[in-house]
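Below is one structure, written out as structure tokens; the observations come after it.
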Amino acid sequence: MTLHLANPHPLDAPAVLAWYDRHARDLPWRIPPAERRAGIRPDPYRVWLSEVMLQQTTVAAVKAYFTRFTNLWPSVHDLAAAPLDAVLREWAGLGYYARARNLHACAQVVVRDHGGVFPATSAALRTLPGIGAYTSAAIAAICFDEPVAVLDGNLDRVLARYHALPVPVREAKEDLRATLQASVPARAGDFAQAMMDLGATICAPRKVACLLCPLQPGCRGTRTADPVAFPVKPAKTDKPTRHGHAYVMRDADGDVFLRSRPGKGLLAGMTEVPTTEWSSTAHETIPPVSAAWRLAGQVVHVFTHFRLELDVWTATVSPEGLGDGWWADPGTLRSEALPTLFRKVLATAGLQ
DNA sequence: AACGCGGGGGT
DNA sequence: ACCCCAGCGTT
């Protein structure tokens with residue numbers, strides 16, 4: 001069903017752009033508005049890389065990864081030619097590891113099927129691995145000024161407040177998209193970035209500065225008792241806890257046993273140390289080999305949809321009968337594709 | 001349409 | 001101790 005938004009007017013795009021001209025954040029992948037207006041266009045490779053890294057990830061967390069990736073792989077050709085292992089290693093710690101696999105796959109498609117040149121329309125970009133509705137629109141607007149609605153979590157919040165939306169955003173997503181689409185001006189890329197900057201600074205999740213906002217005149221939310229009450233949240237479900245044991249094994253040389261996780265599912269393709277199953281009830285330790293095991297401590301790690309408590313055991317073992325894996329010198333752990341969970345495990349065992 | 005998928009910065 | 005972040009792919 002179509003939900004009629006309380007505020008039928010398009011956004012005041014000229015006011016938003018005027019604000020952006022004065023207050024645009026300086027970001028490593030961004031062309032500042034003055035240069036952008038002078039006709040300088042951003043490198044689609046850098047915009048794409050930043051947008052993928054920024055999926056569900058904060059600017060602060062992305063910056064160092066972006067610098068490292070662009071230093072290692074300055075062009076899409078370089079990234080496409082890199083081994084997937086190297087990309088996963090560099091991505092370790094950033095989360096949502098399917099992004100790294102799709103990033104690599106996308107680079108290879110761009111090189112193989114598009115001559116190393118990113119497609120210039122949102123529709124064509126949308127077909128590439130790891131590029132969905134948001135990212136395709138963002139790249140097309142920012143790089144090519146395609147007049148398309150760029151709707152992310154920031155915009156969900158800004159628009160929910162602008163309309164004083166009485167239902168969770170998910171129930172009105174297409175209505176929000178339609179009103180945003182009707183507001184997109186000629187400087188579509190700057191408008192998209194302006195709206196996201198607005199959401200990150202003036203219309204932040206738990207703090208608003210309505211008096212500084214270029215959208216304040218038309219905003220319904222600012223006229224309510226508590227603009228921060230929008231967007232209305234769906235009822236939250238509480239997070240279950242799972243338990244397990246992790247086994248940090250070292251051989252006579254002090255090397256530590258590592259292996260690769262399966263190619264699908266949680267932390268797919270990343271490096272781990274062996275663990276038991278992670279079950280909803282605590283269970284006894286089931287070591288992979290017989291040895292003089294010592295309990296080193298416990299690690300607590302929170303994923304999107306559950307909380308994990310792992311008891312960390314250590315032992316010196318003989319290097320037979322452990323199946324696929326490898327023995328790593330503790331000094332080289334920094335360059336392994338270890339997600340944060342297993343870095344915590346190794347730290348608890350006295351490594352790293 | 002709903003769900004699985006990380007990790008960290010901000011409050 | 002929360003909340004939420006420049007979402008996507010699968011089912």
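Order of the sequence lines sets the chain letters (A, B, ...), proteins ahead of strands, with each chain counted from 1.
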With under 30° as parallel and over 60° as perpendicular, where do the rings of A:H245 and A:W313 fit, or are they tilted in between?
-> tilted
Can a side chain N or O of A:H305 be found less than 4.0 Å away from OP1 or OP2 on B:dG4?
-> no
Under 4.0 angstrom, heavy atoms only, what part of the nucleic acid is A:R25 near: base, sugar-phosphate, or nothing?
-> base
Sugar-phosphate, base or nothing in reach of A:A133, heavy atoms under 4.0 Å | sugar-phosphate
Does C:dC8 have OP1 or OP2 sitting under 4.0 Å from an N or O in the side chain of A:T135?
-> yes
Measure distances between side-chain N and O atoms of A:T57 and base N and O atoms of B:dG6, and say whether any donor-acceptor pair falls under 3.5 Å.
-> yes
Quick one: is A:R157 getting a side-chain N or O under 4.0 Å of the C:dC5 phosphate, OP1 or OP2?
-> yes
In whole Å, what is the span from the CG atom of A:L151 to the P atom of C:dC8?
-> 11 Å
When the P atoms of C:dA6 and B:dT11 are considered, how many whole Å apart are they?
-> 13 Å
Rounded to whole angstrom units, what separation is found between the CE atom of A:M53 and the P atom of C:dC8?
-> 16 Å
A:K233 atom NZ: more than 12 heavy-atom contacts under 6.0 Å = yes
Rounding to a whole Å, what distance do you find between A:R30:CZ and C:dA6:P?
-> 11 Å
Under 6.0 Å from the CZ atom of A:R22, do we count more than 12 heavy atoms belonging to anything else shown?
-> no
Earlier contact from the 5' end, DNA chain B, for A:A61 and A:Q55 | A:Q55
Which is true for A:W48 with a 4.0 Å heavy-atom rule: it touches a base, it touches only sugar-phosphate, or it touches nothing?
-> nothing
Just call it for A:L94: base, sugar-phosphate, or nothing, with non-hydrogen atoms closer than 4.0 Å on any strand.
-> base
Considering only NZ, NE, NH1 and NH2 on the basic side and carboxylate oxygens on the acidic side, decide whether A:R37 and A:D21 come within less than 4.0 Å.
-> yes
Round to a whole Å and report the spacing from NZ of A:K239 to P of C:dA1.
-> 13 Å
DNA chain C: 5'-proximal contact among A:A138 and A:R126 (nearest heavy atom) = A:A138
With heavy atoms under 4.0 Å as the rule, sort A:G199 into base, sugar-phosphate or nothing.
-> nothing
Let me know the distance between CG of A:D156 and P of C:dG7, rounded to the nearest Å.
-> 9 Å
Quick one: label A:T340 by what it contacts on the DNA or RNA (base, sugar-phosphate, nothing), any heavy atom closer than 4.0 Å.
-> sugar-phosphate
Phosphate-side-chain proximity, A:R170 and B:dA2, N/O vs OP1/OP2 below 4.0 Å | yes
Rounded off to whole Å, could you give me the CG-to-C1' distance for the A:L128 and C:dG9 pair?
-> 14 Å
Give me the ring orientation class for A:F69 and A:W91: parallel if the planes are under 30° apart, tilted from 30 to 60°, perpendicular past 60°.
-> perpendicular
By the Watson-Crick or G-U definition, both distances under 3.5 Å, B:dG6 is matched with none
Between C:dG9 atom C1' and A:Q56 atom CD, what is the distance in whole Å?
-> 13 Å
Under 4.0 Å between any heavy atoms, over every strand shown, what does A:Y134 touch: base, sugar-phosphate, or nothing? Just pick one.
-> base
Has the side chain of A:T304 got a donor or acceptor that lies under 3.5 Å from a partner of the other kind on the base of B:dG4?
-> no
Step through the shown structure and confirm whether more than 12 heavy atoms of other residues, nucleotides or ligands are within 6.0 Å of NZ on A:K207.
-> no
5'-most contact on DNA chain B: A:L267 or A:R206, nearest heavy atom basis?
-> A:L267
Could you tell me whether the side chain of A:T224 reaches within less than 4.5 Å of the side chain of A:F230, counting heavy atoms only?
-> yes
Distance, rounded to the nearest Å, where A:R99 contributes CZ and C:dC5 contributes P = 14 Å
Ignoring backbone atoms, test whether A:Y97 places a side-chain nitrogen or oxygen under 4.0 Å from the OP1 or OP2 oxygen of B:dG7.
-> yes
Reckon A:K233 touches a base, only the sugar-phosphate, or nothing at all at heavy-atom distances under 4.0 Å?
-> sugar-phosphate
Report the residue (A:G130 or A:L27) whose heavy-atom-nearest nucleotide on DNA chain C is the more 5′ of the two.
-> A:L27
